[in-house]
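Just so it is clear: chains get the letters A, B, ... in the order the sequence lines come, proteins before strands, and each one is counted from 1.
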Amino acid sequence: MTAPLDNAVEAPLPVAPPVIRVRGVVKRFGGAAALKGVSVDFRPGEIHALMGMNGAGKSTLVQLLAGVHAPDAGTIEVGGAAHDHLTPRQARRLGIATVPQRRELVLGLTVAENVMLGALPGRGGFVDRRAMRATARDALRQLGIDLDVDRTVADLTVPEQTMVEVAREVNRGGDALILDEPTACLGAEDAEQIRALVRRLSAAGKAVIYISHHIDEVLGLADRLTVLRDGEVVAGAAAGEMDERSLVRAMVGREVVSVRPPRRAPRPEVGLALTGLRDGRFIEHLDVEVRRGEIVAVLGPAGDAQSRLFDLVSGRRRPGGGAFAVDGRAVPFGRVGRSLGAGLRCVTGDRRTLGLVPELSVDENVMLAHDRLHRRRLHFPAALARRAAPLREAYKVRALQRNPAVGRLSGGNQQKVLLAKWLGTDPAACFLEEPTNGVDVAAMAEIHALIDALADRGVAVLLASSSAEEVMRLAASVLAVRGGRAVAGFDVDAVTREELIAAVLGGALREPQPRPALQGDPT
Amino acid sequence: MTTTATAAGPAAPAGLKERLPGFLRIPHLGLVAVIAVVVVFAASRTDKFLTVTNLLNVSRQVAVVSIIAGGLTLLMTAGGMDFSMASITGVGTAVAAQLIEGGSPVWQAVLATLGLATLLGLVNGVAVTFTNVAPFVVTLATATLLDGVKLLVLGGFSISIGLSLSWLGNGAVLGVPTLVVVAAAVLIVIGIVMRHTVFGRDAFAIGGNEDVARLSGVKVARNKLVLYAVAGLLSGLAAIMLVSRLAASSPETGGLALQLEAVAAVVIGGTSLAGGRGTVVGTALGVVLLGIVGNVLNLLQISSYYHLVATGAVLLVAAVFNSLHKSGH
Amino acid sequence: MTTTATAAGPAAPAGLKERLPGFLRIPHLGLVAVIAVVVVFAASRTDKFLTVTNLLNVSRQVAVVSIIAGGLTLLMTAGGMDFSMASITGVGTAVAAQLIEGGSPVWQAVLATLGLATLLGLVNGVAVTFTNVAPFVVTLATATLLDGVKLLVLGGFSISIGLSLSWLGNGAVLGVPTLVVVAAAVLIVIGIVMRHTVFGRDAFAIGGNEDVARLSGVKVARNKLVLYAVAGLLSGLAAIMLVSRLAASSPETGGLALQLEAVAAVVIGGTSLAGGRGTVVGTALGVVLLGIVGNVLNLLQISSYYHLVATGAVLLVAAVFNSLHKSGH
Amino acid sequence: SDDAGGGDEDAITIGFVNGSTTEFHTCLEQSVQDAAADLGVEVLVANSQQDAAKELSNIEDMIAQQVDAVVVQTVSADALEGDIAKANGAGVPIFLTSIVADADPEALLGAVETDLHGIGAAAAGFVTEDSAGAPVTAGIIAGAPGAASDILVGGFKDAVGDNVEVVAEQPGMFDRATAQDVAENMIQGNPELDYVFVANEDMAFGALNAFQAADSDVKIVANNGTDAGLQAIRDGEFAATVANSPYVLGQMAVDNIVGLLEDQEVEPIQSNPFTLITADNLDDAPGYCG
Ligand SMILES: Nc1ncnc2c1ncn2[C@@H]1O[C@H](COP(=O)(O)OP(=O)(O)OP(=O)(O)O)[C@@H](O)[C@H]1O
Ligand SMILES: Nc1ncnc2c1ncn2[C@@H]1O[C@H](COP(=O)(O)OP(=O)(O)OP(=O)(O)O)[C@@H](O)[C@H]1O
Ligand SMILES: O[C@@H]1[C@@H](O)[C@H](O)OC[C@H]1O
Ligand SMILES: [Mg+2]
Ligand SMILES: [Mg+2]
């Protein structure tokens, strides 16, 4: 039952016994090990953060607990009984609820059905719709979400989908709740809702396993930290025993600094201009100008307006009205080829659906757009690997195998592939939606530096982000968007993080500052 | 191309449906419209079409295929596929006829047929559930195999069952052919199961995203086994109905032609080949459309070479119309 | 159930392949093994099997279906489906035979047939690309339609073309049947296109995720049109080969049976019905397996009643074996 | 295109439910149309595409159009009881063509039977005679497994002389391409093959291609008597065929129906004559298609 040899993680007696004990688990994918003998305990009433760089093995560990994968060695003890592996149903029965890193919902079903999935309330085999909807509504309300439970999940924004998923898992009850990067694509307000819920659940005695790349979030939330590196536990401590520096050092092996570099004044030419853009209830009226060499941010809750912006500028969708120009030349909406031809590169915030082809290799995904833009006709894997190598290196793409299908990479590494794919194509202008979604602190700093370098080369960068920190790190000016409208414009040097968040959340409304590069027009 | 079926096509002239006035957003409007056009056309050309006898004929003619199509709708909604249903039906007719001719009581023959068919469906289910082979592939193989089994059971010759099932094949309840009553009942039950039962909603979930369903605790393997067994059972029921109607089983009974008719009805009825979406109403409309087209071609004395041309063309038009309408979702 | 094909099913008896020693991780090992078993079995039963003549016979017998299966592999990899290819082939044989019988020079008849077939493929492509109808549905409809067209072109009769294409149908190049040379060349070209051209990789990208492909600058609509047109062209080539082999076209030429054989070969060869994955080598192995099974059944004098049973069983076993092996990737 | 049948009380309207779209069926349909035109009878046509259920549907549609009788070229070679019961139940007499099994004559208006067993036997007779007692081998390329093919092949095997050894029998599925494959494999398995009996001429031509390509001089005995088949005999490509004309069949059917409906003295059950045709009696063959 116990693991006497492994005293390192054994705690003194008065502490409640662990809900889950992981002992020496090993998980290999195609020969290479993603986990190399990990042991860790998760205790009731404790928020336990799993930290580590992209590909460190966090999600793999979570997947062993959720029954997605079976370990190659080691045991998982739940409630005192040891298992050499769990099935998904077993995991559920043992009280382990999991919100995985990939959003996992049945898109064709309603919110209520998704919340109750696998446990639809029934009478004599018939679904008790009233009970189903009531329970779902309650579960969502706990999260502070007011969502029509009859809506089809496919029509929801990514944050809304996240909330539905969290609601589903919380509603399951059980002793352990695992959240794998729940806040990765959430805005500040939604993220705070999740954290508040997590605190409540933990106070009520649940063991919460929490994964996030936001260091400050973790330090403010977790009771205990375990750091994984290359599939091994390299540090484990109570939260108070680690600060940002030591945590980052444990994860990365060195210190990471990311500061806004001094930047040259942007060139006079306007690289990207959106004029009078409107699209349904998502974008009511938007005017943005980004000069060559400038980074302008649109700050707003992740999802709705941002992914709509991506759809419009990428050519995926035609707006209700407005115009758009790259380098002063008008580009028609709804024409992917024309957007690309104009030199605009758009990085989606939804890498799984709109960013990568999971079955194709890393190299092919990295070069997918590049080779098409250069009208290559022939394809040789070795030559492709040579062309992809510098980009893989620049974006620090890490995989267990040399060139696996991109769907097999860890989430953060997939994000790096996505950025490499687009930013390696010599853009004239870029639209970046949540560019560092899910990447680790070190990679984030490197990606920020790469985006800085883009601007230095004279690229006009329009950044759509829900993170005030990221916006302040990268952009010169910020347009705060709320409810589909630009509500305020800011010069980054003249605004605080709190002011930015307040503008987005609808706190103190400031008059848009008259700035040539940026106009928010509330009407 | 699977993804697009779910999401709105990128840069599509998006949501034709969204732009329609509310009253036009009836599900299956496209299919209903095509049926209406065919009906009006037929009625204007011959007064034989809109008669009670003729319409009862059509309904009786589609009863068997509608059972298979109904089962397929449920299964395909769960992301499954059974290309062998009509072959199970063929084997079922052969076994039933052989048993009845051999002197078994009819009820025994019926039960044996239904039991065997369920078992065959379950075998498909086991193969699909416990291997990684795509259901289409598994059931294409078993369809071939079962067509051979049918020949073996029949010994190559037709076997007549006389009047022993005539109450079913030729009987009527309050003027409505018994076969049609059975078919309607089965479709209604399937419709209710799909909409209102936990099992039916789980089927949508499995079809929509099997991994998520499994991780959410849906008993995916068990449900799939049940779904394939039900497909088998319904194929068996179709066999009993078919043998009762033909009063015989022959090597030409059941099999590919019937299967393709059922598949065509299901898919033009809007059920997705990729799973996660489907309605029995759409399937019923698909079945009716195919039945009416066959009937009208006969009544209007269209040359047989043009039957195929006309059927193909109507299928195409119906599918296109139905999808224009559906594209919003 | 589409998803599982791609990702490893959660808690599946996952990755049998992963546990195999490296040298056993040959692609298509399962299929190769089944072929090997059939070959060994046949060779042990009759010395007629492993002879040059017999193997050339088999290769000639599968030449036509391999062209169709090859085109289908490319198309299915891109997430497409053309269920009408063998019907285009049927129409093609009819048109070629009719033209040749009517006195057209052979080269004209060949060009006209190829041109028409390409056009028919393009029509499928237009319907698939510019509507939301699933390709299976579109091409099931056009297949029906084209089967009727074939009968119309033939007027219901067989049309013989005498020796006019006998150089192709019966000729040989350095002892290898010309048909086989053509088929091998076509498969090799398709294989190269799929592996080593951007057009071919685009097909994988489109099949893997159409939206991503489009956003990455792949001209998805144009590529799809080309892919369907190529499927048509290859169906036309198959028609020329078939009519040259049969020296005639008859109402039974081409159509569903041929189509299902091609589909079966492609899917047991490991090409995904959902797109994004496929190899010509797998397809070629599938075609060869089906050809060998037919040949062995004849050589071993298996009664006709068992042909379907045996073919279905071998298909099933081959598919299961191939997938056990594939599950890792 | 206006309402067919029923309008004119005096004129007879018959329904013809054809079984498939092979050459045989095309000629049968043409014959029925021609004979009916000669006799002033109106014909409604439907096609069952080899599907037993469709056949019954077609009969129902004919009944709905109030025809005076239905002629069925059944898809099953041996009559389906449901077809007959359905028509009788509606008071519409049924007349079968090409059946082989003995359907209850009482239930039928009449029939023109095709003696498939006899046809097979006639083909066997040729082989026996031609081989003149020498020990020879024969192969059989059957149709699709089922009654029609089985009876035909059975007739051949039952009647063939003791000197003839049947060394191979495989299904050609009534499809030229399949038959060609089968013939290639058959000659491979039996290089010394002397005769092959092929269940129809379309397949026989496929077999011919195979044998010619293999430089084999197997003697082909076929069944049908199409123009192309007779020409093949003239050219020495086929040794013999059993001519049994769908055109004659259709004529007989219509003649008999009209006679029976008009209460004339007509034998209700008749046989479609067949003739063994070799190079010596090519002129005895009836026209296959008119
Ligand atoms: N199914 C798989 N096949 C092959 N390799 C895999 C598979 N799943 C994960 N890996 C590899 O295992 C390693 C650990 O991945 P994991 O997803 O656990 O990382 P992570 O710590 O969650 O990273 P991230 O922060 O980016 O989400 C990675 O190198 C990844 O490429
Ligand atoms: N319209 C949409 N909106 C949001 N998410 C979507 C949409 N369409 C698809 N998805 C996401 O993509 C998944 C299915 O799409 P797809 O078939 O491309 O993925 P997959 O190939 O099954 O995934 P993978 O190979 O990565 O396991 C869904 O589970 C959903 O998460
Ligand atoms: O000639 C054949 C005919 O005798 C049979 O009845 O049907 C198939 C035909 O090819
Ligand atoms: Mg992860
Ligand atoms: Mg996919």
Does some side-chain heavy atom of A:V78 sit less than 4.5 Å from a side-chain heavy atom of A:R93?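 A side-chain contact under 4.5 Å is absent here.
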Should C:L289 and C:V34 count as side-chain neighbours, where that means a heavy-atom distance under 4.5 Å?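 Side-chain contact under 4.5 Å: yes.
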Among the options A:D72, A:N365, A:L354, pick out the one with the most heavy-atom pairs lying under 4.5 Å from chain C.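 Of the candidates given, the most pairs with chain C belong to A:L354.
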Most heavy-atom pairs under 4.5 Å with chain C, out of A:L356, A:T348, A:D371, A:L340, belong to A:L356
Would you mind checking which part of [X] comes under 4.5 Å of any heavy atom in chain C, side chain (CB onward), backbone (N, CA, C, O), both or neither?
| X | value |
| --- | --- |
| A:L373 | neither |
| A:E364 | side chain |
| A:L360 | side chain |
| A:R376 | both |
| A:P404 | neither |

Distance-only donor-acceptor hits, side chain of residues 417-425 of chain A, under 3.5 Å, sequence neighbours excluded:
{"residue": "A:K421", "atom": "NZ", "partner": "A:G355", "partner atom": "O", "Å": "2.9"}
{"residue": "A:K421", "atom": "NZ", "partner": "C:S216", "partner atom": "OG", "Å": "2.8"}
{"residue": "A:T425", "atom": "OG1", "partner": "A:R345", "partner atom": "NE", "Å": "2.8"}
{"residue": "A:T425", "atom": "OG1", "partner": "A:W422", "partner atom": "O", "Å": "2.6"}

Could you check whether A:D180 pairs with A:K58 (Lys NZ or Arg NE/NH1/NH2 to Asp/Glu carboxylate O, under 4.0 Å)? no
Any residue meeting side-chain contact (heavy atoms from CB on, under 4.5 Å) with A:A342, in chain and number order, not counting sequence neighbours: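 For A:A342, the residues satisfying side-chain contact (heavy atoms from CB on, under 4.5 Å) (neighbours in sequence not counted) are A:V326, A:V331.
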With a 6.0 Å cut-off on the ring centroids, do C:F199 and A:H379 count as close?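 No; A:H379 has its ring centre 6.0 Å or more from that of C:F199.
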